[in-house]
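Everything on this sheet refers to the single structure shown next.
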Amino acid sequence: MTDMSQPGTAAPSGKNRSSLLAADARTKRRNASERRFRLMGLIAVSIGVLALVGLLTSILGNGLSSFRQTYIALDVYLDPAKLDKSGTRDIEKIKKVTTFGYKPLIEKALVAAIEKAGVDDQGLSGKKIGAMISPEAPATLRNYVIANPDKIGETIPFDLLAGGRIDGFFKGRVTMESAALDRNTSPEQLRLAEALRDKGIVVTRFNWAFFTSPDASDTRPEAAGLGVALLGSAYMMLVVLVLALPIGVAASIYLEEFARQNWLTDLIEVNISNLAAVPSIVFGILGLAAFINFAGLPQSAPIVGGLVLTLMTLPTIIIATRAALKAVPPSIRDAALGVGASKMQTVFHHVLPLAMPGILTGTIIGLAQALGESAPLLLIGMVAFVREYPGAPPEGFFDPASALPVQVYNWTTRGDPAFVERASGAIIVLLAFLLMMNIIAIILRRRFERRW
Amino acid sequence: MFDTPHRETSVDQTEIKISARGCQVYYGDTHAIKDVSVEIEDKTVTAFIGPSGCGKSTFLRCLNRMNDTIDICRVEGDILLDGEDIYDPKVDPVQLRAKVGMVFQKPNPFPKSIYDNIAYGPRIHGLARNKAELDEIVEKSLRRGAIWNEVKDRLDAPGTGLSGGQQQRLCIARAIATEPEVLLMDEPCSALDPIATAQVEELIDELRQQYSVVIVTHSMQQAARVSQKTAFFHLGNLVEYGETGHIFTNPEDPRTESYITGRIG
Amino acid sequence: MSVSVLITIVLGLAAIGYVLARRRALAVVDGDSRKLHSRTGYYGQFVFLMTAVPALLVMLVWLFVQPVLIESRIGGMIPESAFPEGGELTLVMSDVRRISNGLDAIEATGQGAAAALDATATDVRAEMAAVGVALGSDVSPEVLSAAQSYRKMQHTGAFWLSIVALATALAFLVGSLSRIRADQRARNISENFVLALLIGASLVAIATTLGIVLSLVFETYHFFQLYPWQDFFFSLTWNPQFRGGSDLGFIPLIWGTLYVSFVALIVAVPVGLMIAIYLAEYAGPKLRSVAKPAIEVLAGIPTIVYGLFALITVGPFLRDWIAQPMGLGDSSSSVLTAGLVMGIMLIPFVSSLSDDIINAVPQSMRDGSYGLGATQSETIKQVVLPAALPGVVGAILLAASRAIGETMIVVMGAGAAAKLSLNPLEAMTTVTVKIVSQLTGDTEFASPETLVAFALGLTLFTFTLALNVLALFIVRKYREQYE
């Protein structure tokens, strides 16, 4: 290879024959700009990935603690002198005792427990000690007594919710410093709680109630749960599934298999592609004006939410279904038509079953979209404070309910910072559902996808 | 074992421009080019002929490293341009391609004006110092591309608006504008009608005065008309290489003969 | 008989019709089904449809017409004097409806006869409260009697509805059964009906658009009867009051909307475009297999999540690290907060659209550029992007339309104060935020403060529609270029 070391000699023509082996200045500059461009691209990708990581970290960091909850284990003496003064065990009379009547019982039980455990009470008054327990606790007690009036007079062990600040202290949200400035708690209470935890009276464990109990008022973040919202969302998804899937599939079949090219078809197509891009809040306005004002359906009802979300989801399902129908090769149709099947039989017996996996995938993705949608639901009143579970379907569709994303919004508007934890926790639940739906869609696609 | 370029230059006025030795090309697991050695002379039109899929286009694309843009493609062996290994890690393919221009099968003018199409190469390589020089390069290239008279009044019109033959000549002019030393043409006439083909062939013949032209073609008549040297490829092998007249009248290999007489291909 | 029971009965009749029709079809040809024009199932479907559809249609029309008729008759019964102060007939009517429901509930408890209630003798309001019907005021005798007759008419209506619907179903059942013959083209009838259903389903899209446009235009017209349009379009203040005298100028809202969207696009367009370019042209398979799904996940996250992110993370961060140190404001919700987060939301949108568009540029174009010795970035910047420009512009317009219509992020991140300011660290508000705030909670549909939301909605709809149509047009033209 020795002769390659003298490239200059092989250039008799007048052209400037630079060697390929040495990059000239201009090429160096151009390559530097190439590298800069590449770096910009890499930075952009990193921004995208970091945004996702940041988003998830922020939500998980704030919300994971909502899946654990602090309880106080107490033996409460259900004092007949307070709960049933007449001694007749008449349920109507027992119901007359409000939660205020139960509060002292709990207070007493806690003070007794502190004494029994031999813990220093930090010089707190009985009232201050009682304030460590959630205001929701007397209601828990009262519901129990009304359900079991014969237990009055006995001492029953209860796991009662600790107050929001105590709960926050064990989760690191409340510190001694912040407690010193806080009207609702004090460092003494926190120290007492710590001592009680060491004795096993105060425990933090998995928060099932978060999934089952309804929303709670502003002052009781520790009692707030997703029960009503989950049920409301489930009802709405049911409505969307039952309406959007058949309508979407029917519309797609018509447009893809039967429609002739004319102004009506064009109009429908234009409408579908526009509806896909109309802001979701406009659907909320439609729901308010058409379904609630005009048709007289009740506010906050899952049926209205479901209808609005159906209209929003339709374009997604139609677009997916049409793609799935298009993917079925014409030879299948020709084969069926060739043996004398009618057009309708061809579509329903051959084309549709083959397109089904694609349709279902599109439907699941549409449902996932609908599940996360909140803006239109705000307008049809689903943001209202609902503590009652909706009834069983079909009547339950008309009962007031909340929805998962709207519950999140609702909680973010509350003052107590503990609701931020709840909202983030609810988001985690929402994201878990979405993840599940998308995984199902991916599996469906992988398993049944056919390449023609 | 190597012939030095100098000796051949001294023998007969042509020098070796590109010399490939033991060149192997793989696409993933497929062995597309098998041990090809060929020497391409300067100021000569060399034609690569052979049946579809014989590797002639693949080999052509190796000559200016266009295969680099395909991830799974791997090239072994030496390809020397003026004695320098173009696959040497120090070689910048960008610089190489400025020296070895390429014209493609389908005319591919950029969606820009005719002027900007031609000026694209000179601009990125910094060949013009000012607007006047650039104008000059554009005019010269279009003249050499034998299309100047047809487009001189509408240099601002989009290049995509020209007819197929005009587009291809525009692409040739675009390749010339960067002042390459070698011009590679990958079936430049396959998308053109006979009249446009004749124009492009005429152009190729003129280009021989200044460049080394390598043309891949499907048509044996075209190879016979425009080239001085012909290489016949078959199934990734270089079967025969020599003077065009010789190959067409007196092929040595039976496979070449079968192809030329129309029995394979 | 409740409507759902009625529907069940009609469907049951239709199902019986299906079975009978199959038998009858077979009987007509003495059990030799080959002599039939269609297979027996189609005769069944034919009778099923003939039984169910007319009856259900009758019910549908009835249920629409009955309330209108009843309300107009009851409305006539209530004298003006019974209207509460400043109230309207609609308010009284809703009371009537509620009392009527309460009467049903009282009847259901079986304690008192609803018809016997006397407004002068008993405290109706208390009685109602006892069965869970809350009333805003005491009940006047006129209203109570109106409610009682309302209830009576409803019951009569429901009774006759049942009779008519069932009679229709039965009549059509018998009629269609008797029409079954061997050469009857049952399949064609049933298929035509199915086709009609399919067409009906595709018309839902048109109906939805129509519904949106009608409800927006109708209520906006109401709004402009109560509030001068000049003030809405040209006033620079937005200051709704509960007791009238509001300033409802939409310029500050539009300003906030455009400002937030602008910030979002400044973030999303370069980043999204560069991501698309990098992943399409540079990234190795490993990076692509990580980054592409990550970006797609970003697209699947609901906007409420972004809203919460803005509220609890980005907002406080910007306030503590940028706004306060620089003395530019101390609000955690700001244009920048909402814009940044919305930008992140739009990144996957822009990048996936750009990806499609960049991939639509033919490879031959790239080859031509590489063949001339251009570097990859030169090829992208000078050949691919100019070729893809119309498509990219379309994608940006679509992203802009999304940004303008986005609600949750601005509700939770931008703030509620309508301001005309240039400081991006100040809280401003947008059209969508105000639509939400004017329409949530107890809304009274007669006040301009509520109705303005519809005018805002119409503005929003028009804006986004124009952007979408323009974008779709550009993108379509672009695609045609390379087909």
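- Put simply, of C:Tyr306, C:Phe461, C:Phe309, the one with the most heavy-atom pairs under 4.5 Å next to chain A is C:Phe309.
- Evaluated for a side-chain contact (heavy atoms from CB on, under 4.5 Å) with A:Ile281, the options C:Ile435, C:Leu456, C:Val433 yield exactly one hit, C:Ile435.
- Proximity of C:Ile304 to A:Leu430: side-chain heavy atoms (C-beta onward) are separated by under 4.5 Å at one or more points.
- Side-chain contact between A:Lys343 and C:Glu191: absent, with no pair of heavy atoms (C-beta onward) separated by less than 4.5 Å.
- For C:Val314, no part lies under 4.5 angstrom from a heavy atom of chain A.
- For a residue to count as touching a neighbouring chain, one of its non-hydrogen atoms must lie under 4.5 Å from one of that chain's; by this rule C:Leu298 touches chain A with backbone and side chain alike.
- There is no contact between C:Leu214 and chain A, counting heavy-atom distances below 4.5 Å.
- Note that CG of C:Asn468 is 10.5 Å distant from CG of A:Leu275, once rounded to the nearest 0.5 Å.
- Residues A:Ile285 and C:Ile212 fail the side-chain proximity criterion, which asks for heavy atoms closer than 4.5 Å.
- No side-chain heavy atom of C:Gln376 sits under 4.5 Å from any side-chain heavy atom of A:Phe37.
- There is no contact between A:Ala384 and chain C, counting heavy-atom distances below 4.5 Å.
- Proximity to chain C (any heavy atom under 4.5 Å) is restricted, for A:Asn31, to the side chain, taken from C-beta onward.
- Of the atoms belonging to A:Phe258, it is side-chain heavy atoms, and not backbone ones, that fall under 4.5 Å from chain C.
- At a threshold of 4.5 Å between non-hydrogen side-chain atoms, the residues C:Leu195 and A:Tyr254 count as touching.
- Of the atoms belonging to A:Gln369, not a single heavy atom falls under 4.5 Å from chain C.
- The contact between C:Tyr42 and chain A is made entirely by side chain atoms (from C-beta outward), counting heavy-atom distances below 4.5 Å.
- Of the two parts of C:Ile199, the backbone and the side chain both hold a non-hydrogen atom closer than 4.5 Å to a non-hydrogen atom of chain A.
- The 12-atom threshold is not exceeded at CZ of C:Phe218, counting heavy atoms of other residues, nucleotides or ligands nearer than 6.0 Å.
- For chain C, the nearby part of A:Ile47 is the side chain; its heavy atoms alone come within less than 4.5 Å.
- To the nearest 0.5 Å, atom CD1 of residue A:Ile59 and atom CD1 of residue C:Ile301 are 8.5 Å apart.
- Here CG of A:Asn293 is found 9.5 Å from OG of C:Ser215. Values are rounded to the nearest 0.5 Å.
- Within a 6.0 Å sphere centred on CZ of A:Arg26, other residues, nucleotides and ligands contribute more than 12 heavy atoms.
- By number of non-hydrogen pairs under 4.5 angstrom with chain C, the leading residue of A:Thr412, A:Val249, A:Val49 is A:Thr412.
- Interface residue A:Val45: backbone and side-chain heavy atoms are both found under 4.5 Å from chain C.
- Heavy-atom distances place the side chain of C:Val204, and not its backbone, under 4.5 Å from chain A.
- Within the 4.5 Å cutoff, side-chain heavy atoms of A:Leu42 are placed close to those of C:Leu287.
- For the pair C:Met408 and A:Ser374, the tightest heavy-atom approach, listed with the atom from each and the gap, is CG-OG, 3.2 Å.
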Might you work through the side-chain contact (heavy atoms from CB on, under 4.5 Å) test for A:Asn274 and C:Leu465, ending with a clear yes or no? CA-CA 7 Å; A:Asn274 274 328; C:Leu465 188 72; 3.7 Å; yes
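- Ranked by non-hydrogen atom pairs under 4.5 Å with chain A, the options C:Gly211, C:Gly272, C:Gly307, C:Ala201 are led by C:Ala201.
- Heavy-atom distances place the side chain of A:Leu314, and not its backbone, under 4.5 Å from chain C.
- Going from atom CG of A:Leu311 over to atom OG1 of C:Thr208 covers 4.5 Å, rounded to the nearest 0.5 Å.
- Summarising the geometry, atom CD belonging to A:Glu256 is positioned 13.0 Å from atom CG belonging to C:Leu198; distances are rounded to the nearest 0.5 Å.
- Only the side chain of C:Arg187 comes within contact range of chain A, judged by heavy atoms closer than 4.5 Å.
- Heavy-atom distances place both the backbone and the side chain of A:Ser424 under 4.5 Å from chain C.
- Between C:Pro302 and A:Glu373 there is no side-chain heavy-atom pair separated by less than 4.5 Å.
- Summarising the geometry, atom CG belonging to A:Asn271 is positioned 11.0 Å from atom OG belonging to C:Ser202; distances are rounded to the nearest 0.5 Å.
- Heavy-atom distances place the side chain of C:Ile380, and not its backbone, under 4.5 Å from chain A.
- The residue among C:Arg402, C:Glu281, C:Lys381 with the most heavy atom pairs within less than 4.5 Å of chain A is C:Lys381.
- Contacts between A:Leu52 and chain C at a heavy-atom distance below 4.5 Å involve backbone atoms as well as side-chain atoms.
- Contact annotation: the side chain of C:Thr432 never approaches that of A:Pro279 to less than 4.5 Å [non-hydrogen atoms, C-beta and beyond].
- With a 4.5 angstrom heavy-atom cutoff, C:Ile206 touches chain A via backbone and side-chain atoms both.
- When all heavy atoms of C:Ala205 and A:Ile272 are compared, the pair lying nearest together is CB-CG1, 3.7 Å.
- Nearest heavy-atom pair across A:Gly41 and C:Met274 is N-CE, 3.3 Å.
- For C:Ala453, the part lying near chain A is the backbone, with the side chain staying farther off; criterion is any non-hydrogen pair under 4.5 Å.
- Considering all non-hydrogen atoms of both residues, A:Gly48 and C:Ile275 come closest at CA-CD1, 4.2 Å.
- Judged purely by atom type and a 3.5 angstrom limit, A:Glu34 uses its side chain to pair as donor or acceptor with the backbone of C:Ser377.
- Both the backbone and the side chain of A:Leu55 come within contact range of chain C, with heavy atoms under 4.5 Å apart.
- Using a 4.5 Å cut-off between heavy atoms, C:Leu458 makes no contact with chain A at all.
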